[in-house]
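Each remark here refers to the structure printed beneath this line.
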Amino acid sequence: MEKNHHIVGYITNIWVWVALVVLTIITITVAELDLQMLTVTVALAIATVKAGVVLAYFMHLKFDKIILTIFLGIVLLVFLSFIVLTFVDYSFRTTAI
Amino acid sequence: MIEQEEKQKPLNFFQDSGGKKGILAWITSTDHKRIGLLYLYSLSVFFLVGVTLGLLMRLELINPGKDIVEAQTYNGFFTLHGVIMIFLFVIPGIPAVFGNIAMPLMLGARDVAFPKLNLLSWYLYIFGAALALSTLLVGKGAPDTGWTFYAPYSIKTGTNVTMAVFAAFILGFSSILTGLNFLTTIHRMRCEGMTWFRMPLFAWALYATSWIQLLATPVIGITLLMIAAERTLGVGLFDPTLGGDPILYQHLFWIYSHPAVYIMILPGMGVISEILPVFARRRIFGYTAIVYSSLAIAFIGYFVWGHHMFTSGMSGPARIIFSILTFLVAIPSAIKVFNWLATLYKGSIDLKPPMLFALGFIFLFLIGGLTGLVSGALATTVHLHDTYFVVGHFHYVMFGGTGFAFFAAIHYWFPKIYGRMYDIKAATRNFWIIFGGFNVLYFPMLWAGMMGMPRRYYDYLPEFHIPNIISTLGSWIVAFGIIMMIITLVKGFRNGKPVGKNPWNALTLEWQADSPPITENFEELPVVTEGPYEYKS
Ligand code: HEM
């Protein structure tokens with residue numbers, strides 16, 4: 001642990017929690033609408049924002065060295081490409097050459 | 001083993017049993033060198049089991065029709081051969097054995113960052129291996145799906161797939177923990193003066209590999225659990241009759257298994273980058289280019305998995321994208337080969353056994369890589385997919401590449417590990433037997449594949465007879481060479497001539513430690529002032 005370890009105040013934590021609850025409500029509301037192809041995309045996008053908030057505040061990434069964020073960014077990018085490439089296959093499947 | 005005149009001298013890691021007796025001193029040791037040897041011995045046993053299965057398959061294929069086993073037994077053979085060779089030999093191979101033994105020494109560290117986790121990895125490895133092998137003995141027999149466990153067949157077959165899948169899952173954990181351990185070691189434990197760009201290339205290769213182990217392995221873990229869930233609960237993820245998508249399984253499987261191919265080859269490339277400068281007495285050519293090409297291979301390697309699925313009903317645009325990406329990986333691989341060749345240029349080359357195996361690696365890997373391009377091009381792959389051409393190709397890469405790098409590594413670090421030298425002449429002879437036999441064994445497979453002989457059958461049409469006879473002959477030569485190699489090494493271990501710290505006159509730090517190294521590796525931790533390959537030629 002580094003010496004000048006940042007401790008997040010209660011108020012901030014509560015705001016983060018409120019944000020997470022709101023995002024959850026949005027997820028549920030959006031699921032009611034019929035977005036077809038976009039359903040998964042929207043659900044994943046909201047989930048990503050929520051995960052980002054948790055990482056930044058609850059897991060202290062915001063207050064740690066920037067290199068950790070960069071590492072995590074690369075990992076997420078790789079993961080995102082997995083999903084995008086798989087869906088490239090899936091969404092073109094009916095129009096196969 | 002070594003001179004024991006000086007009483008004060010700390011014990012070497014063979015003598016220092018940590019106060020325990022017999023086998024306990026090994027299986028409870030957290031010394032990275034002892035754990036590395038545990039891996040070496042267990043891995044060698046599995047390798048020999050795999051080779052035996054390979055020989056049996058080749059024997060069956062010496063003539064068309066049934067020779068020694070039934071079709072179903074043969075199906076079990078190639079599955080188990082594949083599972084053993086992939087999950088128990090090439091994936092853990094070089095990192096677990098030589099990464100463990102040599103890497104901390106090369107970094108000037110006393111051990112890896114998490115020694116206990118390191119031992120746990122070995123236990124997981126053994127547990128997974130035992131589970132994989134026991135599929136042979138219990139239930140309805142060895143799985144017959146091929147090492148790739150493709151759905152929907154893997155969901156339907158009556159054989160022991162769940163257990164084999166679970167074994168691979170546990171082996172994955174072992175791999176993840178080793179990766180984590182090495183990453184932390186490389187980040188935190190380098191000795192004074194060892195900046196990132198003074199680090200030996202073997203450590204760099206392990207660094208790139210560890211990132212793949214850490215990030216890609218969980219994907220296969222989940223995928224294998226999905227297969228298990230599908231088999232036991234019938235969830236309908238991959239089974240088309242339940243609305244699942246079998247191609248999704250192939251995506252998930254190869255999202256891991258293709259990066260895993262780089263887990264296999266990158267450490268091998270690292271070994272070669274260590275050996276060439278020592279035996280050419282030259283500074284390695286293009287150090288930074290080799291470093292970045294390792295990282296590039298690790299990175300691009302994540303995005304090419306689709307090239308295993310060109311003929312499996314994937315959509316056209318996806319095929320084109322994956323084919324382009326596949327050609328991109330060839331670039332960093334070729335950068336390495338050119339750098340190695342440039343290192344040799346004008347060097348004073350000494351053809352000792354490690355160097356011979358390293359040169360053998362370059363030659364065989366080149367054939368493997370080029371046949372890979374043929375298989376990666378959309379037009380040619382339609383003809384070659386699932387033929388013996390592919391079997392030839394991946395043996396050239398995995399056995400000719402990683403296997404030979406493994407042999408090179410054992411011949412290179414042997415005197416460091418045991419403090420003795422094997423018979424150089426015998427080892428040189430063994431190299432030529434294995435190298436020659438290898439080409440007799442696998443080149444005819446490329447040929448049979450071009451003629452259209454499909455893989456994974458115990459039988460074939462009479463027109464493929466000649467390449468198959470030659471190939472089976474080759475398998476005997478290789479097996480003979482491997483046995484001779486083991487004999488030479490065991491003899492060297494028993495009564496080889498004792499060597500000093502640095503029999504090859506190499507400059508990396510492990511050669512400053514005693515042979516065998518003391519438990520703590522160095523009496524005083526070294527301080528580094530220049531790069532690892534400053535040979536004055
Ligand atoms: C003397 C040594 C070896 C022999 C004789 C041998 C022989 C064979 C043969 C004949 C096949 C094709 C079976 C078929 O498609 O019907 C095969 C498949 C395979 N071999 Fe080897 N092999 C040897 C060593 C190795 C090594 C060292 C590796 C890995 C490093 C390896 C990995 C594999 C894999 C992954 C398969 C594919 C299994 C499958 O189709 O699911 N082999 N081997």
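Below, chain A is the first sequence line, B the second, and so on; all start at residue 1.
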Please flag which part of A/Phe71 lies under 4.5 Å from any non-hydrogen atom of chain B: side chain, backbone, both or neither. side chain
Donor-acceptor contact below 3.5 Å, side chain B/Ser323 vs main chain B/Arg319: no
Aromatic ring centroids of B/Tyr207 and B/Trp196 under 6.0 Å? yes
Looking only at atom types and distance, does a side-chain atom of B/Gln213 sit under 3.5 Å from a main-chain N or O of B/Ile263, one as donor and one as acceptor? no
Largest heavy-atom contact set with chain A, pairs under 4.5 Å, which of B/Leu252, B/Asp245, B/Ile321: B/Asp245
Quick one: CG on B/Asp386 to OG1 on B/Thr381, what's the gap to the nearest 0.5 Å? 9.5 Å
Out of A/Val88, A/Thr86, A/Val75, which one racks up the most heavy-atom pairs below 4.5 Å with chain B? A/Thr86
